[in-house]
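We use all heavy atoms of the structure for the numbers below, so side chains are in, but hydrogens, waters and symmetry mates are not. Note that the structure is a prediction, hence the values are computed from the model and not measured.
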Amino acid sequence: QVQLVESGGGLVQAGGSLRLSCAASGRTFSSYAVGWFRQAPGKDRESVAAINWRVGSTYYTDSVKGRFTISRDNDKNTVYLQMNSLKPEDTAGYYCAARRRLFLPGSSSWRRWGEYDYWGQGTQVTVSS
């Protein structure tokens, strides 16, 4: 069993930065894929980014490309989401999720919440204008 714990959320002004962390316990991420999702009040959950841990390949939704970076730390068994140039529309609860299989190149599976096997409880990001 894998437990995921997110941290790093908070209140930041537009244009600022935050770094979210997703720490795993129970198993190492080495053969996993990890994704970040977000959900704002009254809106559907949307995928943000994902990473295939072993090969380091990454995926981003268009609205965050060039602003967000997903990365991993093998020693800490942690995935990060570095968020720069934040906008008020980035305000949401952010959730990490992990799955036991990698995403294939060109696959859109990383976007789907149901493709993952484990989910965290989330961390709130609020961006003020």
How about [X] and [Y]: do any of their side-chain heavy atoms sit closer than 4.5 Å?
X: Trp110; Y: Arg99; value: no
X: Val12; Y: Met83; value: no
X: Asp117; Y: Tyr32; value: no
X: Glu6; Y: Tyr95; value: yes
X: Arg72; Y: Val34; value: no
X: Asn74; Y: Trp53; value: yes
X: Thr69; Y: Tyr60; value: yes
X: Ser7; Y: Thr123; value: no

**Message:** Any carboxylate oxygen within less than 4.0 angstrom of a Lys/Arg side-chain nitrogen, looking at Lys65 and Asp62?
**Reply:**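 The answer is yes: the pair qualifies as a salt bridge.
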If every non-hydrogen atom of [X] is compared with every non-hydrogen atom of [Y], which pair is closest and at what distance?
X: Ala24; Y: Leu4; answer: CB-CD2, 3.9 Å
X: Ala14; Y: Ser129; answer: CB-CA, 4.4 Å
X: Arg38; Y: Ala92; answer: CB-CB, 3.8 Å
X: Leu86; Y: Leu18; answer: CD1-N, 3.8 Å
X: Ser17; Y: Asn84; answer: OG-OD1, 2.9 Å
X: Asp75; Y: Asp73; answer: N-OD1, 2.9 Å

Say whether, by atom type as modelled, one donor and one acceptor occur between the side chain of [X] and the main chain of [Y] under 3.5 angstrom.
X: Asn52; Y: Arg54; result: no
X: Thr78; Y: Lys76; result: yes
X: Thr58; Y: Ile51; result: no

**Message:** Tell me if the CD atom of Gln121 is crowded by more than 12 foreign heavy atoms within 6.0 Å.
**Reply:**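 Atom CD in Gln121 is not packed in, count stays at 12 or less.
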**Request:** Verify the ring-centre separation between Tyr116 and Phe103: is it less than 6.0 angstrom?
**Result:**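 Close enough - the centres of the two rings lie under 6.0 Å apart.
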Atom [atom1] in [X], atom [atom2] in [Y]: separation rounded to 0.5 Å?
X: Ser107; Y: Glu115; atom1: OG; atom2: CD; result: 7.0 Å
X: Trp119; Y: Phe37; atom1: CH2; atom2: CZ; result: 9.5 Å
X: Ser25; Y: Asn77; atom1: OG; atom2: CG; result: 8.5 Å
X: Cys96; Y: Trp36; atom1: SG; atom2: CH2; result: 5.0 Å
X: Gln82; Y: Ile70; atom1: CD; atom2: CD1; result: 12.0 Å
X: Leu81; Y: Cys22; atom1: CG; atom2: SG; result: 10.0 Å

**Message:** With clusters defined by side-chain heavy atoms of hydrophobic residues (ILVMFWY) lying less than 4.5 Å apart, directly or transitively, does Phe68 cluster with Tyr80?
**Reply:**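 Result: no, two separate clusters.
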